[in-house]
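So the structure is just underneath, and the comments pick up after that.
The sequence lines fix the lettering, A, B, ..., with proteins before strands; numbering per chain opens at 1. Small disclaimer: the values here were computed from a predicted structure and weren't measured.
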There are 2 protein chains.
Amino acid sequence: MNHNHESLSRRRAKAAAPSRPTIKDVASRCGVHPSTVSRALSPAMSHLVADDVAKRIRATAAALGYRPNITAAGLRTGRSGLVGVLAPDIADPNFPPVLGGVAEALHEAGYATIVVDVGPHGSPVELADRLIARGVDGLVLATVSLHDPVVEHCIDASIPVVLVNRTDAGKLVPSVASDDEAGIRLAVDHLLALGHRRIGHVAGPQDISTGALRRAGFEAGMAQAGVPGEEIAVEAAPGYTREAGRAAALRLLERRPDLTAIVAANDLLALGVYDALAERGLNCPNEVSVVGHNDMPYLDMLSPPLTTVRIAQREMGDRAARLLLAQIRDPDARHDHVVLAPQLIVRGSTAAPRG
Amino acid sequence: MNHNHESLSRRRAKAAAPSRPTIKDVASRCGVHPSTVSRALSPAMSHLVADDVAKRIRATAAALGYRPNITAAGLRTGRSGLVGVLAPDIADPNFPPVLGGVAEALHEAGYATIVVDVGPHGSPVELADRLIARGVDGLVLATVSLHDPVVEHCIDASIPVVLVNRTDAGKLVPSVASDDEAGIRLAVDHLLALGHRRIGHVAGPQDISTGALRRAGFEAGMAQAGVPGEEIAVEAAPGYTREAGRAAALRLLERRPDLTAIVAANDLLALGVYDALAERGLNCPNEVSVVGHNDMPYLDMLSPPLTTVRIAQREMGDRAARLLLAQIRDPDARHDHVVLAPQLIVRGSTAAPRG
DNA sequence: CTTAGTTATGCAAACGTTTGCAGAGGTTTT
DNA sequence: AAAACCTCTGCAAACGTTTGCATAACTAAG
């Protein structure tokens, strides 16, 4: 019913800041002590105040447009309601669904998320420290390498942490990831079933769990199919980018011109494989089949549409958030390592090898 | 040189929280008053304390691993160093570059960003309020419709605001956007130059500036080319999605089977146009040329590669952040409306109409 | 009618900073 | 030598909450 909105906003240049009402304003308006207001407005404490008083307080709070100052409350309680997320590259199409899952679950629990894009030159430890200085109640790390100092650092700071998508070698903290070995084996088995035997792998960075595990899955799958170790062709890309995939694929084709199929550790790498095949004048899938990993959006629009392995990205984020919340509530909770099942999506980039 | 990291972290289960050192710890270690420490550590105030004392304080602060509690400082100063970003859909590939630009510029200025994905069912006003309650120093709105209540709401709350990508009808607050009319005219002129005359438009939502302005640009371009108003074919999609684009394109083709080209208001809509053309058995570009808008990633991998209009997304975010910072520093600063120039990117989806 | 118990409220301290004010000691000016 | 002025540091209040403790007013039990 506040009809002077307009004049207020008009006058904001000259007038002192209209500064939002505080708990004291509500208290004096109601003729009660601030602490009573605090209790009345806190679901956990409101049973301590008489029903009629509580109702009156809630009414005037609403009338004044009172919103508690979360910063002040956080100072007192030691909890900020903030969670930090360290992201490898927010522009990577694989990341937003994960982030969406994280943010949604946290939002429901009353937490807000601060996302920090670490980028190729940022220091995760430094950025984690900045977030900790901001008082975040927990950290979601989507960036860690296998032996990442940031993990130890967070443990030393005794702040709840959960890894998502990638895991650390020591399994020191809880994590949620797709079953990377199984994912690649889905791809390999699919190609084997089509009749391929000479399959190469464009691997991801080997200092990252996804890169290492997917490679391991590839090699295991090939070995199990009876391919001798020395015939198993792998080229690792230094990063999950289209350009790195192109370069690795070119190296692979140079070394092994006889390949009939390539499994990429990631869809972006697979895009690079497409580029390399085009450069070499090789048709996909007629001459070389290609499989990606992750099922990033719009792969069905490529020509040919990319066969890939779908991972449960949104669920990954969701589970990670829940693990983190559990840890915030009880810092000594068990450290779970959640592994989600991947799913093969067959499209047009894979076919039986030519005669 | 802290060698008891390990034992500390091991004991964290039983021991009380190792709680980071405060300004008082540094002060008593140095034998000075906390206020002196505060001054020594604040670049703006450090000239008030003797050089040798300041140096000693900085040294012990570093030795103790002291990091100021930003929450507490924020409570005192009224500034949180936090900026909120309201995003329409974080999974939309067009958004991350904008966000990247925003976050980078703010990070450099010492601000952290809280990104909130509004989604189709979220209430921007409600979410903005939550952010304000969190004490954000400013808001970047990437979601506003032409007559969006959230704008008035933020003005009433007298919190610095800047719009990005989209603008409000009243131009009440500063904004940064691409020149949407000009962008579509680049597309139209390109098609006209190729010889097309019967061009249709799959427009975006008409309650959003990008949708309305791009449509206006389309109609102006066609009118200027001498096409009578009643022959100008437009179908608006209710959202910027592939599926909405497909449906709108089908309606358009139903009404005007004679079209030789379609301009989509957005690349996602253009993907839907591709779908519709495939369904109708129409070849692109031979039978129908298609132009998108925004130049989202990997469009060059489509078949045919999509001709589109590139907009300066990252710069958009960067400029928006700077505008917001200026407004935070001086709430009465001029309200600029920045308009960035778009650029036509010609690929394979456009060709001269058939004879 | 005391005693114990319950319920609703007030009081005041605390969270970790920042900053206006005041004062101590020293140096320059008159 | 007094006056005026720096330069540096300490004091204490304030920011807006939350919460342990005390207390007052009742109610119930003995």
Side-chain angles (χ1 to χ4, degrees), chain A residues 16-58 61 64-82 110 132-137, chain B residues 16-58 61 64-82 110 132-137:
Chain A
S19 72
R20 297 214 320 284
T22 77
I23 211 168
K24 278 184 190 164
D25 299 324
V26 179
S28 65
R29 262 275 211 131
C30 285
V32 298
H33 194 269
S35 62
T36 306
V37 176
S38 172
R39 284 190 267 256
L41 264 30
S42 152
M45 293 290 155
S46 62
H47 69 274
L48 289 174
V49 20
D51 283 355
D52 56 332
V53 177
K55 201 185 291 179
R56 190 156 46 93
I57 289 176
R58 274 191 282 267
L64 289 178
Y66 168 75
R67 314 274 321 213
N69 180 327
I70 303 186
T71 302
L75 180 58
R76 169 67 222 246
T77 62
R79 273 165 292 114
S80 63
L82 284 173
I132 293 172
R134 253 182 211 292
V136 294
D137 296 334
Chain B
S19 70
R20 299 213 319 282
T22 76
I23 213 169
K24 279 183 189 166
D25 299 323
V26 179
S28 64
R29 265 270 214 134
C30 284
V32 299
H33 194 268
S35 62
T36 306
V37 176
S38 172
R39 285 190 267 255
L41 263 30
S42 152
M45 294 288 154
S46 62
H47 68 274
L48 290 174
V49 20
D51 282 355
D52 54 333
V53 177
K55 202 186 291 179
R56 189 156 46 91
I57 289 176
R58 274 191 282 268
L64 288 177
Y66 168 76
R67 313 274 321 214
N69 180 325
I70 303 187
T71 302
L75 181 58
R76 170 65 223 241
T77 61
R79 272 164 291 113
S80 63
L82 243 37
I132 293 172
R134 256 184 207 292
V136 295
D137 296 335

List the atom of [X], the atom of [Y], and the distance in Å for their closest heavy-atom pair.
X	Y	result
B/Ile23	B/Tyr66	N-CE1, 3.5 Å
B/Leu64	B/Pro21	O-CG, 3.4 Å
B/Ala54	B/Ala40	CA-CB, 4.1 Å

Atom pairs, protein N/O to nucleotides 21-28 of chain C N/O, distance under 3.5 Å:
none

Residues two or more places apart in sequence or in another chain: which of them pass side chain to side chain contact (heavy atoms under 4.5 Å, CB included) with [X]?
X	answer
A/Ser46	A/Arg58
B/Ala73	none
B/Arg76	none
A/Leu82	A/Ser80, A/Ala112, A/Ile114, A/Val136, B/Leu82, B/Ile114, B/Arg134

Tabulate atom names and distances for all N/O pairs under 3.5 angstrom spanning the protein and nucleotides 6-8 of chain C.
none

### Message
Working to the nearest 0.5 angstrom, can you tell me the gap between B/Ile70 CD1 and B/Thr77 OG1?
### Response
10.5 Å
### Query
Just how far is it from atom CD1 of A/Ile57 to atom NZ of A/Lys55, taken to the nearest 0.5 Å?
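Nearest 0.5 Å value for the CD1-NZ distance: 13.0 Å.
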### Task
Return the angle between end axes of the helix from C/dA4-D/dT27 to C/dT30-D/dA1, with five pairs used per end and rounding to 10°.
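Taking the rotation axis at each end, their angle is 60°.
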### Query
Could you state the CE-P distance from A/Met45 to D/dT17, rounded to the nearest angstrom?
16 Å
List the atom pairs, donor and acceptor, that lie under 3.5 Å between side-chain atoms in residues 27-37 of chain A and the rest of the protein, sequence neighbours left out.
unit_1: A/Ser28; atom_1: OG; unit_2: A/Lys24; atom_2: O; d: 3.3
unit_1: A/Ser28; atom_1: OG; unit_2: A/Asp25; atom_2: O; d: 3.2
unit_1: A/His33; atom_1: ND1; unit_2: A/Ser35; atom_2: N; d: 3.1
unit_1: A/His33; atom_1: ND1; unit_2: A/Ser35; atom_2: OG; d: 3.0
unit_1: A/Ser35; atom_1: OG; unit_2: A/Arg39; atom_2: NH2; d: 3.3

### Which residues share a salt bridge (charged side-chain N to carboxylate O under 4.0 Å, His left out) with A/Arg67, sequence neighbours left out
B/Asp129
### Task
Step through the shown structure and confirm whether more than 12 heavy atoms of other residues, nucleotides or ligands are within 6.0 Å of CZ on A/Arg56.
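Check passes, neighbour count above 12.
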### Phosphate OP1/OP2 of C/dG10: any A/Thr36 side-chain N/O under 4.0 Å
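Indeed, a polar side-chain atom of A/Thr36 lies that close.
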Between protein and nucleic acid, restricted to nucleotides 12-16 of chain D and to nitrogen or oxygen atoms under 3.5 Å apart, what atom pairs and distances do you find?
unit_1: D/dC15; atom_1: O2; unit_2: B/Arg76; atom_2: N; d: 3.2
unit_1: D/dG16; atom_1: N2; unit_2: A/Ala72; atom_2: O; d: 3.2

### Results of side-chain hydrogen bond (donor to acceptor under 3.5 Å, both in side chains) for B/Asn69 - residues two or more places apart only
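side-chain hydrogen bond (donor to acceptor under 3.5 Å, both in side chains) list for B/Asn69, sorted by chain: empty.
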